Amino acid sequence: MDFTYTAYKGLIHSLLQNDYQISTYKDWWTTSKCAILRHDIDNDIEKALTLAEIEKSVAGGVKSTFFVLVTSDFYNIFSHKNMRLLRKISDCGHDIGLHFDETTYTDIKTPDDAKDHILDELSLLSKAIDKPVEVVSMHRPSPMMLDADLQIEGLINSYGRTYFREFKYVSDSRRSWREPVEDIVASGNFERLHILTHAIWYNDVEKSLHDSVYQFVNNGNRQRYIGMQSNISNLHLIMPEKEVK
């Protein structure tokens, strides 16, 4: 499968043509053949919004879940721009979930130690999007967290045993499908699919892993310049935009 927006649309169409009901973590059990679409926003909320809008446009609209880091080094969920972007994703009909990074906290020695931190981050994310957040996924979870089947009242854990034992799980982590997702969808061998994608890998045209990372890293300079325009009058007189590399 190519990592293009056209290919991603094709994946959605293939799911529908093979009689999968595209579901969320909240309603998958209402159908006998379902696929949950999940997106981890590790780097770029703008690119995530592009996938959200594509999903809204396909077949009258399909729903997915976008997991957001509260502790990201790349974006601030409380900036005006990012709150607007996240609310746009929500307005497309999608769910917003918490992407929890256990390595942020030095006091997590057992899975239960993570619970209070998860609830604290849920509260912050709910304020940012002005909606309750009811689903959590782990960011690069340790074996301890993967094995724990962590349960918190009122919260769905996408890394719970249900979604890894009762579903066929496939992911495009590191811009590589570990198994051929298109063949899995077409095979008819699985009644329940759990599909994880990362928006950073998708573009209008196919890009390599190197070029995808290169684009993101170097676009950071332009984003900083745009941000400074809101804080320094006549920035172009100090540094012309053409000097951004």
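Below, each value reflects all heavy atoms present in this structure, side chains not excepted, and no hydrogens, waters or symmetry copies. Note that the structure is predicted; figures quoted are calculated from it, not measured.
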Who passes side-chain contact (heavy atoms from CB on, under 4.5 Å) against F78, sequence neighbours left out?
-> N76, M83, L124, K127, A128

Under 3.5 Å, side chain of Y225 to main-chain N/O of M239, donor-acceptor pair present?
-> yes

Should the ring pair Y25 and F67 be called parallel, tilted or perpendicular, given that the plane angle runs from 0 to 90° and is split at 30 and 60?
-> perpendicular

Which pairs of donor and acceptor atoms, one on a side chain in residues 165-173, lie under 3.5 Å apart (sequence neighbours left out)?
residue, atom, partner, partner atom, Å
E166, OE1, R192, NH1, 3.1
K168, NZ, E179, OE1, 2.9
K168, NZ, E179, OE2, 2.9
S171, OG, S173, N, 3.1
S171, OG, S173, OG, 2.7
D172, OD1, H198, N, 3.2
D172, OD1, H198, ND1, 2.8
D172, OD2, H198, N, 3.2
D172, OD2, Y202, OH, 2.9

Hey, is the main chain of K47 close enough, under 3.5 Å, to the side chain of D44 for a donor-acceptor pair?
-> yes

Got a sec, which residues hit side-chain contact (heavy atoms from CB on, under 4.5 Å) with T4, two or more places apart in sequence or on another chain?
-> D2, T6, A7, E206

Ring center gap for Y105 and F100 short of 6.0 angstrom | yes

Sequence neighbours excluded, the answer for ring-ring contact (aromatic ring centres under 6.0 Å, His included) partners of F216 is F74

Report yes or no: do I156 and W29 belong to one cluster of Ile/Leu/Val/Met/Phe/Trp/Tyr joined by side chain heavy-atom distances under 4.5 Å?
-> yes

Shortest non-hydrogen separation from A52 to H94 and the atoms involved | O-NE2, 2.9 Å

Taking only residues two or more places apart in sequence or in another chain, which ones pass side-chain contact (heavy atoms from CB on, under 4.5 Å) with N157?
-> V136, M138, L150, Y159

Does the salt bridge (Lys or Arg N to Asp or Glu O under 4.0 Å) test come out yes or no for K81 and E46, once each step is laid out?
-> CA-CA 10 Å; K81 170 189 169 184; E46 286 187 83; 3.0 Å; yes

Hits for side-chain contact (heavy atoms from CB on, under 4.5 Å) against T110, two or more places apart or cross-chain, chain-then-number order -> D112, D113

